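Please read the structure below before turning to the comments.
Remember, it's a predicted structure, so these values are computed and weren't measured experimentally. Order of the sequence lines fixes the chain letters, A, B, ..., with proteins taken first and strands second; residue numbering starts at 1 for each chain.
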Amino acid sequence: MSEASAHAAHHTAPTGFIRKYVFSLDHKIIGLQYYALGLVAVVTGMVLSWIMRIHLVWPNSPIPLVQWLSKVGAPGGVVTPEYYLSLMTMHGTLMVFFVLTNAPFAAFGNYFLPIQIGAEDMAFPRFNMMSFWTTFVAFCILISAFFVGDGPPLAGWTAYAPLSAVGKDSGPGEGLGQTLWGLSIFVFCIASLLGSLNFIATTLDLRTKGMTLARMPICTWAWFITSCISLLAFAVLLPACLLLVLDRVGGTSFFIPSGLNVSDHLQPHQGGSPLLWQHLFWFFGHPEVYIAIVPAMGIVSHILINNMRKPLLSHKVIVYCMMAIGFLSYMVWGHHMFLSGMNPFSALVFSFPTLMITIPATIMTLIWLGSLYGSNLRINAASLFCLGFISMFVAGGVSGFFLAQPTIDIYLHATYFVVGHFHMVMGVAAIFGVFAGTYFWFPKMTGRMMNETLGRWHFWLSFIGTYAIFMPFHYLGLAGNVRRYSAFTDDFLVPLVPVHKFITYAALFTGAAQLIFLFNLIYSRFKGPAATANPWECTSLEWSTPSSPPPFDNFGGVHPVVYHDPYQYGVKSSTGDYLMQTSPERAGETP
Amino acid sequence: MRASKPCIALLMATLCPALMFGGTISGKVTYTGTPAKQKAIDMSKEPSCAKQHATPVMTEGVVTGPNNALANVVVYISAGADDANAPAQAVTFTQKGCQYGPHVLAMHTGQELDVLNEDQTSHNIHPLAKVNREWNKSQPPGTPPIKDKWDQPEVIEVKCNIHPWMHGWFVVLKTNHYSITGENGGFSLPNLPPGKYTITAWHEPDGKQTQEVTISGNETKSVDFSFVLKPY
Amino acid sequence: MRGNMGGKIFAVLVIVIALASAVPIVTHTWFGSNISLAPPEDISTHGSEIDKQLDETMLEAGLSFLAAQLVLGVFVWQFGGRKDGVLKNFPGGAKYLVVAALLLVGAEAVALGALGTKAWGSVYFQPASADALQVQAQAGQFAFYFRYAGPDGKFGGIHPEKIDEGNSNFFGLDPENDIPARDDITSGELVIPVNKEIHLMMHAKDVGHSFYVRELRIQQDFVPGLDLSVHFTATKVGKYEIVCTQLCGLGHYNMKAYLNVMSQDDFDKWLKAQSQ
């Protein structure tokens, strides 16, 4: 099935503001809507993290403006222990779901996957519109938890039972807010499942003439693989959230055993298992983190190739590695549960595939590094963020190597070492992929260029800043600094506070640096210099559209024909040193 | 000149009503049986509190005094007196040295309750109300007092969510006529107009006894209560 | 900033950052201070294998990290901003890199996996010895309490409905009806004799908690509904902190107890004093 055998449900050009920009069926608008939602979520999540970091080093001091966020949670601006944990829970939930699943995957994938395969839209444009608006509803439900009496949930983005399941007896933050969390994520899962189905159907069925699977750009492959991972993962989280909500409001006992005395309230439940929640959650949760990173790997590969003016040492190996990562991601969930009380033999069973995942990740890293050799690497904001991604992916990846071993996990589990690890891979590397994609695709999405100088400054400050924040987390972990503490009052923690102070300053500095990006994004949208049709001299189909932004059916009524693989760089052609996929020209000799 | 007898009588007649308007019910609360042993409280998890006590603090579930006196018993008029208004004055409950003070606090429905944190650590006071609204509130050190009030009469157990050994009681009453026994076991309910009264003595966790007393004038009626205590 | 300069700046930056990152690992302290950033002294009988594993991994991971950042920096220095140079491929192309990754990582993974199995086994695959001192630990929002069987050597039953924390009945014992419960000793500190194996039976009162003692190189979750236990032997007298590492609610940060390791004599005296 290498020829186009189906077309997107043809829809006519929209008229009117609502049809064009609000309830739009156009995958490009939907992609931008996901991006905008991701932007709102990341700014919110980042502000929450500032409050958290400030509170950790000055726990009894009032923080300006926070008392307006919650009079109960922060009386007089002093964050209470439960409110800190609520902020942390909302930070994690917003970042993992509404930023890292949204931006690299739903936003860029929606915008560019159909174009890169030569389709005029997704296979199911109506489902696509529903996916976004359902995600938006999930976001609203989550945010509403800030405004209920008992406050936002505080059980972490991981929401372990029975803390999250018994209801408000387990303490402040575990009232209505936790139920809203469960409902929000339930709705989010529905949206993600619809989105993934769309991506898969589109990739398999709507490729234009000449666009074989082998000729798809690496980022297209990444989005496709991610949507396959996502389909199974979210399908498990969906019922898990339902069961959690039922335990909370329906009197069931899926996750709650008998005999619990919670804050002087005997719980009527019996027969449930807290470990069941952990299994269901992490069966989703581990693939989820690969859902967060694989699109970034694809985006970075694509942009790096373009800026190196040379393909990677092997396109196939990269794609197979991403597939291997996706496949292995389903076998490792128990490495989050080494100390959970599971049969200790299972720890060894889960440790083995966890260590094995290092192999495709290492292969990819070596290929990226090896491909830099002998290239004509252009340095610009987009390529800098790609290089930063590689650096951060290595830094975050090696710490995973420690945690994969159960014996070492005995010491490092639930310490800042884990927090450092996942922030580096997800919170930095994946986000750097989003930044790279933004600088790179901005001209195509808006017809204008972002400011290059501001982009570079954004990179330098962010690169230094994120290392300054998250490297020290590993040192703290080695000292045994426990995570999810709202204050450091234990004897062994007090001496570590100066390190936390440094991190807080670094976090505020890095946060401020993001203002450069926000300014650049908004200013350039309206006042940026006009972009040419293909400013980066890139080969993939999105750069062959008749306009920037592309017309609503992407190719102006024409069905493009593909003649080449996606990375014809370093070839002699009439356009220079590259050949676009849609160009019928044949490559001359490599210069 | 010596005060004449009629002068003294006149003086007494004018002063005594002012001094002795209303009768008084007073008495002693004692116990029989063997009280449970008080246990030393281990505050080692909160060093900032532990170091405030030269010798460990003892549990307050049963506090006794000499001659089998029983402390922390709330004796109050449960029937026969008109329901008064809540006093304007607030009652204070403090968290100091990781202990509640006083262990038993009585107050009127609608009366303002101020909760203070005088410790270096955060506390999270959690009144386990079943009739009134159950709530809990964190109080980081140095933050202002928590102010609240109760609408319904109820005996409410109070605990700290952060420090499990901290327990106290709010006894919310419809009346202002109450008295809490100290270690001498004594209580006194003055200023009672003539009438038939039911007085109730409550001891934690759920010991309640009542007696009927009639006051006819300005006399002091003596009423004693005795609780049976068990070692477990 | 010309493209050329950007590449050189990135190269220098990434190498400097990588080297700087290594400093606290090598010195075990925060820059220019005496704040210790390493695991504390190991006072357990099984911990040396964990520490060895950690050191091995740090060496391999640390070298890989430095090597990768160095190569990244060198290549970006050489080829960043390069215009119209002759395009070359890394010698050997992808094939050798794939093989290298397979061999390197595969070997490391197998070696560490094998090493780790032995260490893991010594903690988890061996049951507590028959003459280990049995202590029960209960985790509940937000404190740990420990129970010793007392002179009769038997633990009384736990009745969640009888828990009365204000009167120090943390375990919900029923001494009135349950005779073995009468002499049970409850303590807020885990007091143990040195050089004696302890069998710690772990009970969760309400939600999930976890038991973590850095110096003992031990961490284990308390799971409501599961009878879990750990066993260990402490080799050095002293006071150490037990902290909760499983998010359990607002007081999670404040949930700790002291582990008090005493000489056998002192422990016997302490235990006797508790029974009075």
Side-chain angles (χ1 to χ4, degrees), chain B residues 33-50 56-63 72 98-100 103-104 119-128 136-141 156-169 203-206 229-232, chain C residues 138-147 156 159 161-179 181-191 205-207 209 239-244 248-260 270 273-276:
Chain B
T34 322
K37 268 213 290 230
Q38 284 182 292
K39 305 198 190 96
I41 293 178
D42 186 328
M43 291 192 190
S44 53
K45 88 147 191 166
E46 191 64 75
S48 69
C49 282
V57 162
M58 305 303 275
T59 53
E60 293 174 292
V62 172
V63 179
N72 289 337
C98 289
Q99 268 200 298
Y100 285 130
H103 177 64
V104 176
D119 279 335
Q120 302 276 328
T121 177
S122 287
H123 287 292
N124 180 288
I125 183 168
H126 183 182
L128 295 160
N136 65 74
K137 249 196 189 129
S138 273
Q139 220 174 352
I156 304 172
E157 190 175 1
V158 183
K159 61 175 270 189
C160 175
N161 273 343
I162 299 180
H163 306 96
W165 61 82
M166 286 174 70
H167 272 247
W169 296 87
H203 182 260
E204 67 176 279
D206 54 12
L229 297 181
K230 294 198 294 190
Y232 297 119
Chain C
Q138 178 176 270
Q141 293 176 327
F142 295 100
F144 296 99
Y145 289 101
F146 306 94
R147 184 160 69 124
H159 307 272
E161 71 280 7
K162 286 202 166 333
I163 291 176
D164 181 7
E165 288 164 329
N167 291 307
S168 292
N169 188 358
F170 300 105
F171 286 88
L173 302 180
D174 184 11
E176 189 175 0
N177 300 312
D178 183 15
I179 302 192
R182 287 188 186 173
D183 67 349
D184 285 2
I185 295 161
T186 300
S187 168
E189 276 190 1
L190 176 55
V191 182
K205 169 184 169 253
D206 42 27
V207 298
H209 299 275
K239 251 192 172 173
Y240 311 95
E241 280 176 299
I242 303 165
V243 291
C244 180
C248 52
L250 75 103
H252 176 52
Y253 77 100
N254 190 291
M255 184 164 168
K256 77 154 187 224
Y258 282 103
L259 169 68
N260 202 342
W270 175 85
Q274 304 310 302
S275 296
Q276 255 110 44

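Environment of NZ in C:Lys239: crowded, with over 12 heavy atoms of neighbouring residues, nucleotides or ligands closer than 6.0 Å. Within a 6.0 Å sphere centred on CD of C:Gln274, heavy atoms belonging to other residues, nucleotides or ligands number more than 12.
Most heavy-atom pairs under 4.5 Å with chain C: of the set B:Glu204, B:His167, B:Glu46, B:Met58, this distinction falls to B:His167. For the set C:Gly140, C:Pro175, C:Ser168, C:Gly188, the entry with the most heavy-atom pairs within less than 4.5 Å of chain B is C:Pro175. Each of B:Ala36, B:Gly61, B:Ser44, B:Gly168 has some count of heavy-atom pairs under 4.5 Å with chain C, and the biggest count is that of B:Ser44. Ranking B:Val62, B:Thr121, B:Ile41, B:Thr59 against chain C, the residue ahead of the rest is B:Thr59, based on heavy-atom pairs under 4.5 Å. The residue among B:Met166, B:Lys37, B:Lys230 with the most heavy atom pairs within less than 4.5 Å of chain C is B:Lys230.
Using a distance-only test at 3.5 Å, with no hydrogens or angles considered, a donor-acceptor pair links the side chain of B:Tyr100 to the main chain of B:Lys159. No side-chain donor-acceptor contact under 3.5 Å links B:Tyr232 to the backbone of C:Asn177.
Using a 4.5 Å cut-off between heavy atoms, C:Phe144 makes no contact with chain B at all. If you measure heavy-atom distances from B:Ser122 to chain C, the contacts under 4.5 Å come from both the backbone and the side chain. At a 4.5 Å heavy-atom cutoff, the contact between B:Glu60 and chain C is made by backbone atoms alone.
Salt bridge status for C:Glu176 with C:Lys162: absent, with no side-chain N to carboxylate O gap under 4.0 Å.
Here the closest non-hydrogen pair linking B:Asn72 and B:His203 is O-CD2, 4.1 Å.
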